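Numbers here are sequence positions counted from 1. This is a predicted model, so every value here is computed, not measured. Quick note: numbers below take in every heavy atom, side chains included, and nothing from hydrogens, waters or symmetry partners.
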Amino acid sequence: MSQDGAQGRYAGGSVAGGRYQLRDLLGEGGMASVYLAYDSALDRQVAIKTLHTELGREQSFRERFRREAQAVAKLQHTNIVSVFDTGEDELDGSLMPYIVMEYVEGQPLGSVLQADIQSHGAMPADKALKVTADVLAALETSHEMGLVHRDIKPGNVMMTKRGIVKVMDFGIARAMQSGVTSMTQTGMVVGTPQYLSPEQALGRGVDARSDLYSVGIMLFQLLTGRIPFDADSPLAIAYAHVQEEPVAPSSINRSITPAMDALVARALKKNPNERFPSAAAMRDECLRLLSAGQTGAPVIVAGSGPVSSGAGVGSAVFPPVDHTTPAPGPHSVQTPYQPYGTPAPTPSYGYPQQTQPQPHAPAYQTPAPPPYTISPQSAAPAPSSGGRSNMPVIVGAAVVALLAIGGLIAAINLGGDDEDPGTQAGGGGTSASAEPEAGHKPPERNRTMETTDCTDASEDSDDPAKVRAPSFTYKDVISVKSCLQAAGWKYTIKEEDNPQYAEDQVISQFPTEGTAVVPGNQTFELTVATGDPGE
């Protein structure tokens with residue numbers, strides 16, 4: 001049976017021996033259809049996502065899908081769409097995997113945002129912070145169980161009629177990644193270009209901090225009405241995630257405060273170690289800003305925002321995407337339950353090797369996957385996109401090749417030096433041609449922290465007499481000293497030659513971030529870079 005024949009065909013049918021009666025089609029895409037269904041055993045409405053038979057042909061994928069659904073079913077949280085059941089049924093001679101979910105009466109976050117854009121130009125800041133905090137609460141629960149969502153975006157967030165946030169589709173991306181099917185090869189990552197973390201774009205290991213980057217992209221969009229990186233192709237967008245810095249939300253929405261700019265900037269750090277350490281930490285910051293009265297009405301600057309990020313480089317190096325590919329169906333944004341699109345076959349690109357050092361082991365480490373498929377379904381469109389649909393495209397080591405070629409072109413344009421251009425994906429590095437001949441890396445004084453990070457350190461839940469140590473790593477030591485002194489803490493400094501870090505940049509700290517320390521009576525040991533390469 002063809003995929004086209006499968007989509008939407010089963011309304012009026014049933015699965016699980018007749019227990020679930022499929023009624024209205026809520027949405028459909030290249031890989032799945034979602035139905036409103038009636039659970040005759042428990043007399044309730046449910047939503048059933050049916051994966052098309054092309055996926056059901058592969059036993060390995062069905063097994064992975066079943067295990068992921070079982071893991072997600074253990075997630076019990078107000079802000080997570082519950083999974084009730086999973087199974088597979090034979091329809092038209094083919095096996096069709098399905099998953100039974102809580103039916104949420106409401107609308108996707110993308111639709112809520114579009115209504116706010118029409119009324120205000122963007123979502124009011126207090127509402128955006130509240131929504132983001134609720135999404136992070138859901139992620140906090142999933143991350144504690146070792147489940148990384150991998151595809152956070154407005155299309156996977158629902159808002160009920162009572163304003164309750166519901167995150168859905170946990171485990172689907174991982175099942176797609178790990179399945180071996182005729183449509184997806186081993187280790188592929190299914191994601192959405194606009195919300196993809198740099199490490200996903202480079203084909204590296206994904207952990208909980210990748211979800212926080214995607215949340216940062218979503219928060220930027222809620223606050224400004226547009227996405228930080230936009231381009232004519234998913235490849236160019238992936239390049240921008242890896243190599244370009246986003247503009248400050250306040251440059252688009254004047255009502256955004258410096259503290260909110262800092263929140264978004266930290267979430268969108270290229271290096272995962274520089275982002276918030278956990279969903280709980282990022283949520284705490286959202287709630288802190290919310291309690292501080294971040295309620296200004298949006299004031300959108302006309303004509304502002306990102307324009308065609310990375311498009312010039314991408315189109316100059318790679319051939320254009322075939323725009324004859326069918327665009328997503330009419331339900332791609334507005335339907336409550338968004339299925340995934342169809343990935344294209346993967347060319348045999350080489351595997352990109354990791355070049356950025358990782359001083360601290362991530363809390364949630366997964367094996368680095370090979371090249372992957374980007375699936376642009378469900379991305380809430382930015383107003384500046386002009387209704388342009390994003391076509392599926394394969395991106396693997398091509399991004400790394402693009403960075404290398406771009407760095408080479410930059411080096412030639414800057415004077416034709418023979419030095420390595422020094423492009424660091426995800427590390428915010430600068431071109432070697434801009435550094436002194438001796439290899440010294442000058443201070444980066446913009447890497448600052450506020451004194452309130454120390455004076456208002458969060459209380460330790462286990463011992464009210466102690467607080468949690470702030471994060472000083474990767475910050476300029478001048479602002480770190482000011483922060484410590486403001487809180488009455490002492491410090492010792494050990495200098496270290498390391499070519500990866502700028503002069504006066506804190507490389508490590510003891511006690512480490514999040515450790516319980518005594519207010520005003522603690523000595524921190526800081527390792528600070530000299531900016532020199534050493535022997």
| task | Tell me, with the steps shown, if Asn273 and Arg209 meet side-chain contact (heavy atoms from CB on, under 4.5 Å). | result | CA-CA 8 Å; Asn273 291 315; Arg209 296 166 301 179; 2.7 Å; yes

Rounded distance [0.5 Å steps], [atom1] in [X] versus [atom2] in [Y]:
X      : Y      : atom1 : atom2 : result
Asp116 : Ser111 : CG    : OG    : 11.0 Å
Asp211 : Glu140 : CG    : CD    : 13.0 Å
Ser214 : Leu219 : OG    : CG    : 12.5 Å
Lys475 : Asn446 : NZ    : CG    : 11.0 Å

Less than 4.5 Å apart, side chain to side chain, heavy atoms only: is that true for [X] and [Y]?
X      : Y      : value
Leu263 : Leu129 : yes
Ile300 : His120 : no
Val131 : Met159 : yes
Phe220 : Ile252 : yes
Leu75  : Leu147 : yes
Tyr213 : Tyr195 : no
Leu109 : Leu222 : yes
Val167 : Ile152 : yes

For [X] versus [Y], what's the shortest heavy-atom pair and its separation?
X      : Y      : result
Phe170 : Ala138 : CZ-O, 4.4 Å
Ala267 : Gly216 : CB-CA, 3.8 Å
Ser471 : Thr473 : OG-OG1, 3.3 Å
Ala125 : Leu223 : CA-CD2, 4.0 Å
Ala137 : Asn79  : CB-OD1, 3.9 Å
Pro298 : Ala122 : CG-O, 3.6 Å

| request: Using the side-chain contact (heavy atoms from CB on, under 4.5 Å) rule, take Gln194 and Phe229 through it: C-alpha gap first, then chi angles, then the decisive distance, then the call. | output: CA-CA 7 Å; Gln194 291 89 341; Phe229 302 118; over 6 Å; no

Is the backbone of [Y] close enough, under 3.5 Å, to the side chain of [X] for a donor and an acceptor to pair up by distance?
X      : Y      : result
Asp261 : Ala248 : no
Asn253 : Val299 : yes
Arg447 : Asp476 : no
His241 : Leu196 : yes
Gln200 : Asp151 : no
Thr50  : Ser33  : yes
Ser250 : Ser255 : no
Lys49  : Pro97  : no

| request: Count the heavy atoms belonging to other residues, nucleotides or ligands that lie under 6.0 Å from CZ of Arg445, then report whether that count exceeds 12. | output: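 Result for CZ/Arg445: enclosed.
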
| message | Using side-chain contact (heavy atoms from CB on, under 4.5 Å), reason through Arg283 and Phe276 one step at a time and then give a plain yes or no. | response | CA-CA 9 Å; Arg283 180 173 181 266; Phe276 289 92; over 6 Å; no

| request: Using the side chain to side chain contact (heavy atoms under 4.5 Å, CB included) rule, pick out the option among Leu212, Val135, Leu287 that qualifies with Met282. | output: Leu212

| message | If we check side chain to side chain contact (heavy atoms under 4.5 Å, CB included) with Lys166, which of these qualifies: Val104, Val157, Ile80? | response |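 Testing each of Val104, Val157, Ile80 against Lys166, the sole residue satisfying side chain to side chain contact (heavy atoms under 4.5 Å, CB included) is Val104.
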
| Residues Glu199 and Arg275 bridged, charged N to O under 4.0 Å |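 A salt bridge links Glu199 with Arg275.
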
| task | Inspect the contact between Arg266 and Glu285 and indicate whether a charged nitrogen and a carboxylate oxygen are less than 4.0 angstrom apart. | result | no

| request: Give the intermediate values and the outcome of side-chain contact (heavy atoms from CB on, under 4.5 Å) for residues Lys270 and Glu245. | output: CA-CA 9 Å; Lys270 308 297 185 188; Glu245 292 297 328; 3.9 Å; yes

